[in-house]
Q: 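Here's a structure for you.
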Amino acid sequence: NELIQDLEGTNDCDETGVGSNHAVCQTSVTNTIGTITQQNIVGSLGGTDVESQSNLFSVNQNLVATNDCDETGSADNVANCSITASTTVGDITQTNTASSNILTINQDGTAKNDCDNVSAGTICSIDLKLILPSFTQLGDEELHINQVNDVLNTCSSGGICAITVTNDFS
């Protein structure tokens, strides 16, 4: 089984020249996969029978959230950009008494916020979580897990600019 999820959220928060816009940009992006159970159970066989079965499960999740928070010339815009991104899998159980269990999980990430010419109560925030499940493999097992995150938050002028990243890989 192969499962691929992509998400992308973008706010651009512009304002160019002679003020206004009063930006508040928010993006919330979520990938979640629930409980997965795979079983290959072979009882006792007589003779020369050979059983070869594999449990293969592959998950590829991507996230991209942007916010750009611009403002150029004669103030205003007064950005407040925010991003909450997440990627979770779930409990995965693979049981195979005949052959092998192969589990491949790849989670990416990337959240931006750029915050440009801000001031007046500036808050650029990112909260990115890439969390993996508890997983159980019984029988021959192969496990490939790859988590990548890319977080950029630049406050040109102003206060708060908070980044929180959680890679759990339980």
Side-chain angles (χ1 to χ4, degrees), residues 1-17 20-36 38 56-73 75-94 101-137 141-170:
N1 296 339
E2 184 174 18
L3 188 59
I4 298 173
Q5 295 181 331
D6 293 300
L7 288 173
E8 187 168 324
T10 304
N11 295 318
D12 205 316
C13 318
D14 301 304
E15 182 266 303
T16 305
S20 290
N21 185 340
H22 309 288
V24 172
C25 317
Q26 294 179 350
T27 301
S28 179
V29 180
T30 301
N31 282 337
T32 305
I33 297 172
T35 302
I36 305 293
Q38 290 182 317
L56 171 62
F57 187 69
S58 183
V59 177
N60 183 1
Q61 299 184 88
N62 298 303
L63 281 170
V64 176
T66 302
N67 279 339
D68 202 320
C69 316
D70 309 303
E71 187 274 304
T72 304
D76 277 359
N77 182 331
V78 191
N80 182 338
C81 324
S82 186
I83 293 176
T84 303
S86 224
T87 290
T88 310
V89 179
D91 294 331
I92 295 178
T93 303
Q94 290 181 317
N101 294 309
I102 301 169
L103 177 60
T104 302
I105 298 175
N106 181 20
Q107 301 184 85
D108 292 320
T110 301
K112 192 176 174 181
N113 271 344
D114 201 325
C115 311
D116 299 330
N117 312 329
V118 297
S119 208
T122 304
I123 300 172
C124 290
S125 198
I126 291 178
D127 181 0
L128 176 69
K129 293 179 169 80
L130 303 171
I131 297 175
L132 284 177
S134 60
F135 43 85
T136 305
Q137 290 180 309
E141 59 188 65
E142 221 178 285
L143 179 62
H144 308 278
I145 296 178
N146 180 17
Q147 284 188 4
V148 177
N149 70 56
D150 235 343
V151 177
L152 167 69
N153 186 348
T154 320
C155 279
S156 301
S157 70
I160 304 185
C161 305
I163 296 177
T164 305
V165 177
T166 307
N167 281 9
D168 192 330
F169 203 111
S170 303

Q: Enumerate, atom names and distances included, each donor-acceptor pair closer than 3.5 Å involving a side-chain atom of residues 26-35, sequence neighbours excluded.
A:
unit_1	atom_1	unit_2	atom_2	d
T27	OG1	N11	ND2	2.7
N31	ND2	N62	O	3.0

Q: Side-chain contact, heavy-atom cut-off 4.5 Å: V89 with F135?
A: no
Q: Short question: side chain of D127, backbone of T84 - any donor-acceptor pair under 3.5 Å?
A: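 Looks like no, no N/O pair under 3.5 Å.
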Q: Is there a side-chain contact between T87 and Q147 in this structure, where contact means two heavy atoms from C-beta onward sitting under 4.5 Å apart?
A: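 SC-SC contact between T87 and Q147 ruled out.
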Q: Quick one, T104 and N106 - any side-chain contact, counting heavy atoms below 4.5 Å?
A: no
Q: Please find the pair of heavy atoms, one from Q107 and one from L132, that lie closest to each other, and give the distance.
A: NE2-CD2, 3.0 Å
Q: Give the minimum heavy-atom separation between I126 and A111, together with the two atoms involved.
A: CG2-CB, 3.8 Å
Q: What's the spacing between I123 CD1 and N80 CG if we round to 0.5 Å?
A: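 So the gap between those two atoms works out to 5.0 Å.
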Q: Which of these, D6, L7, T110, I83, sits in a side-chain contact (heavy atoms from CB on, under 4.5 Å) with L63?
A: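 Of the listed residues D6, L7, T110, I83, the side-chain contact (heavy atoms from CB on, under 4.5 Å) partner of L63 is L7.
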Q: Using the test side chain to side chain donor-acceptor pair (under 3.5 Å), find all partners of E142 that sit at least two apart in sequence or belong to another chain.
A: H144
Q: Can you name the closest pair of heavy atoms from Q94 and I102 and give their distance?
A: NE2-O, 3.2 Å
Q: Using 0.5 Å steps for rounding, measure from the CG atom of N153 to the CD1 atom of I163.
A: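 Output value for this atom pair is 4.0 Å.
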Q: Please round to the nearest 0.5 Å and tell me the distance separating atom OG of S86 and atom CG of L128.
A: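 Here the rounded value is 8.0 Å.
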Q: Of all the heavy-atom pairs spanning C124 and N113, show the shortest one and how long it is.
A: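 Scanning both residues completely, I find the closest heavy atoms to be C-ND2, 3.7 Å.
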Q: Which value, rounded to the nearest 0.5 Å, describes the distance between Q38 atom CD and I92 atom CD1?
A: 8.5 Å
Q: Would you call V59 and I36 a side-chain contact if the rule is heavy atoms closer than 4.5 Å?
A: no
